[in-house]
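In what follows, chains carry the letters A, B, and so on, assigned in the order in which the sequence lines appear, proteins first and then strands, with residues in each chain numbered from 1.
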2 protein chains.
Amino acid sequence: MADDAGMPIPDRAAIEAAARRLSGQAIVTPLLSSPMLDARIGRRILVKAESLQRTGSFKFRGALNTLLSLDTETRQRGVVAFSSGNHAQGVAAAAQRLGIPATIVMPADAPAIKTANTRAYGATVVPYDRHRESREAIAERIAREQQAALIPPFDDPRVIAGQGTVGLEIARQSQELGCTLDAVVAPCSGGGLVGGIALALAGARPAIRIYAAEPEGFDDMRRSLAAGHRVANASTVQSICDCLLAPMPGALPFAIAQRHLAGSLTVSDDDVRHAMAVAFTDLKLVLEPGGAAALAAVLAGELDDAAQYVAVVVSGGNVDREMFESALDRGAK
Amino acid sequence: MADDAGMPIPDRAAIEAAARRLSGQAIVTPLLSSPMLDARIGRRILVKAESLQRTGSFKFRGALNTLLSLDTETRQRGVVAFSSGNHAQGVAAAAQRLGIPATIVMPADAPAIKTANTRAYGATVVPYDRHRESREAIAERIAREQQAALIPPFDDPRVIAGQGTVGLEIARQSQELGCTLDAVVAPCSGGGLVGGIALALAGARPAIRIYAAEPEGFDDMRRSLAAGHRVANASTVQSICDCLLAPMPGALPFAIAQRHLAGSLTVSDDDVRHAMAVAFTDLKLVLEPGGAAALAAVLAGELDDAAQYVAVVVSGGNVDREMFESALDRGAK
């Protein structure tokens with residue numbers, strides 16, 4: 001199978017190969033639950049805590065899987081990536097582990113913790129103006145100049161296979177808990193995470209319905225699925241979900257979504273703040289706004305009532321103190 | 001072996017039996033790490049995240065192990081416990097799982113989240129004045145009146161064996177990570193957790209040094225070890241570590257500590273706030289003050305330099321929003 005862009009959709013074997021590569025390198029994050037959370041929502045909720053993954057988000061999985069696929073010469077020349085901050089840390093930490101030089105193009109207004117950590121993992125950070133410059137263009141220029149390999153944030157079969165290992169773990173861990181899942185909800189920016197999970201769980205019996213969760217104004221996956229082709233977000237919208245601001249779905253994730261997603265759920269900034277406050281109280285997890293989007297969707301009642309056993313991916317925890325406290329203060333209800 | 005109080009010290013077999021009983025009931029909490037944290041401390045730190053345990057603290061382990069040991073008649077009459085809040089939730093949640101009525105004697109000034117959750121798990125909460133009343137006396141009176149079984153917070157071989165399962169998991173998980181541990185540090189109130197861990201790891205080769213961590217003014221384990229007999233804390237001292245305020249070590253935990261502890265490290269409220277802020281930033285974990293005491297001790301440089309591979313138990317995450325935000329605001333440094 002190939003998508004619009006001509007890249008192959010990774011199959012289950014590619015995701016299983018990624019899982020073997022990541023074994024002992026990435027954390028098998030826990031699948032948590034809370035009777036308090038279940039009571040709030042009126043369903044059984046299993047929370048896949050990727051906020052506890054190395055670098056504080058799932059992005060480490062796809063980044064490491066991709067870097068492990070590079071040959072020796074490419075590794076020596078180094079890698080380049082563009083990212084709002086989580087892919088940045090994922091690539092930087094994976095590159096550091098493998099001794100590969102890394103340059104990351106990041107928004108000048110990214111959360112301070114994301115920029116600081118990316119530098120702490122040894123990468124060179126190149127800031128850009130999110131409203132006026134093209135990060136893709138900057139990254140491609142650097143890649144050309146340095147003959148470095150560009151590591152895309154989501155539109156790449158190796159990246160998607162890496163993120164798909166989250167789905168394999170959800171399948172195994174929910175089975176160990178004796179839960180037959182009705183649905184899985186995961187945050188969606190370019191669609192690499194939810195796409196990878198959908199591929200990992202495709203063919204499960206009974207069928208599991210996979211949903212994306214997106215911020216209001218950045219519901220490009222929802223609108224693209226409705227339109228039957230990829231459509232972009234307006235450049236004027238704002239969201240506190242700094243990790244979910246990709247302009248449109250990736251070509252490959254969109255092709256996967258058309259085949260395997262049950263839909264996409266949309267959440268407001270207030271929904272997200274509430275979910276962050278609930279994760280603090282019920283789960284003892286620090287979540288960043290975008291990392292809480294899927295939990296926010298389920299808490300907001302966006303999921304149809306038939307889904308009683310639901311896995312929710314909380315995808316990241318890289319949040320500055322001020323934003324977190326504001327979410328706790330405003331999100332408790 | 002029997003301690004001063006005549007109760008047997010649980011052996012490794014008792015801890016392994018507890019692990020089998022808890023299998024599938026308690027969460028196997030992850031052993032996390034962070035390059036940022038390692039860099040701060042200059043050692044390799046493995047963080048056993050018991051804040052992610054059911055009920056938000058390790059106490060669920062000992063409570064469930066004890067309740068599972070009760071016969072049918074005793075279960076029908078119900079259980080009573082006294083607790084600052086984490087043992088309360090542990091007993092309440094374990095009792096709810098087994099359909100056992102539970103009454104919990106709790107300080108009137110316990111964190112709101114602890115009292116609310118204990119009630120949410122279906123227990124009857126009896127508040128008392130921490131400065132003027134004896135919780136032991138109240139709990140014993142209720143146990144007598146209701147013919148209910150008193151579930152002690154730490155001075156009980158079944159409770160200690162349950163908490164000791166944390167030690168078994170640390171041993172297995174650190175081995176899977178390829179780490180040979182030099183030391184383990186765990187918070188200490190009555191000593192059930194650190195005692196159980198010490199028993200679980202006793203006889204490890206090479207020997208692992210086990211340390212308690214206690215708040216300033218509540219360093220009764222440290223002073224008891226120095227005196228060679230149990231000594232109490234002054235009743236006038238204060239600490240933000242609401243879960244570590246037991247008046248003196250339990251008889252059984254003290255007997256274990258004399259045989260197996262390398263010492264006890266003391267931390268200030270400011271050390272604890274800093275550790276809570278570091279756990280937020282580096283680990284994405286919500287910790288309560290007492291739950292952060294062992295991490296605080298290691299961050300404060302209390303551990304001798306020889307210990308390069310150190311497991312730190314973060315034992316609970318039941319903290320109200322105001323206290324957490326105050327720790328983030330004052331603890332960042």
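Between chain A and the options B/Asn117, B/Ile27, B/Val286, heavy-atom pairs under 4.5 Å are most frequent for B/Val286. Comparing B/Gly24, B/Gly316, B/Pro30 by how many heavy-atom pairs each has under 4.5 Å with chain A, the most go to B/Pro30.
Residue B/Gln175 qualifies as open at atom CD: its count of foreign heavy atoms under 6.0 Å is 12 or below.
Heavy atoms of B/Thr281 lying under 4.5 Å from chain A belong to its backbone as well as its side chain. If you measure heavy-atom distances from A/Leu287 to chain B, you find no contacts under 4.5 Å at all. Of the atoms belonging to B/Asn318, heavy atoms from both backbone and side chain fall under 4.5 Å from chain A. Neither the backbone nor the side chain of B/Leu31 has a heavy atom closer than 4.5 Å to any heavy atom of chain A. The part of B/Ile113 that comes within reach of chain A is its side chain, from C-beta onward, which places non-hydrogen atoms under 4.5 angstrom from that chain. Only the backbone of A/Asp320 comes within contact range of chain B, judged by heavy atoms closer than 4.5 Å. Both the backbone and the side chain of B/Val319 come within contact range of chain A, with heavy atoms under 4.5 Å apart.
Judged by distance alone, the side chains of A/Arg54 and B/Ser33 do bring a donor and an acceptor atom under 3.5 Å apart.
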For this session: Could you go through the side chain to side chain contact (heavy atoms under 4.5 Å, CB included) check for B/Glu325 and A/Asp329 one step at a time?
Result: CA-CA 10 Å; B/Glu325 293 186 3; A/Asp329 293 344; 2.6 Å; yes
For this session: Using the side chain to side chain contact (heavy atoms under 4.5 Å, CB included) rule, take B/Leu52 and A/Leu285 through it: C-alpha gap first, then chi angles, then the decisive distance, then the call.
Result: CA-CA 8 Å; B/Leu52 303 176; A/Leu285 292 177; 3.7 Å; yes
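Contact record, A/Phe324 with B/Leu328: CD2-CD1, 4.3 Å, taken as the closest heavy-atom pair. Considering all non-hydrogen atoms of both residues, B/Met36 and A/Tyr121 come closest at CE-CZ, 3.2 Å.
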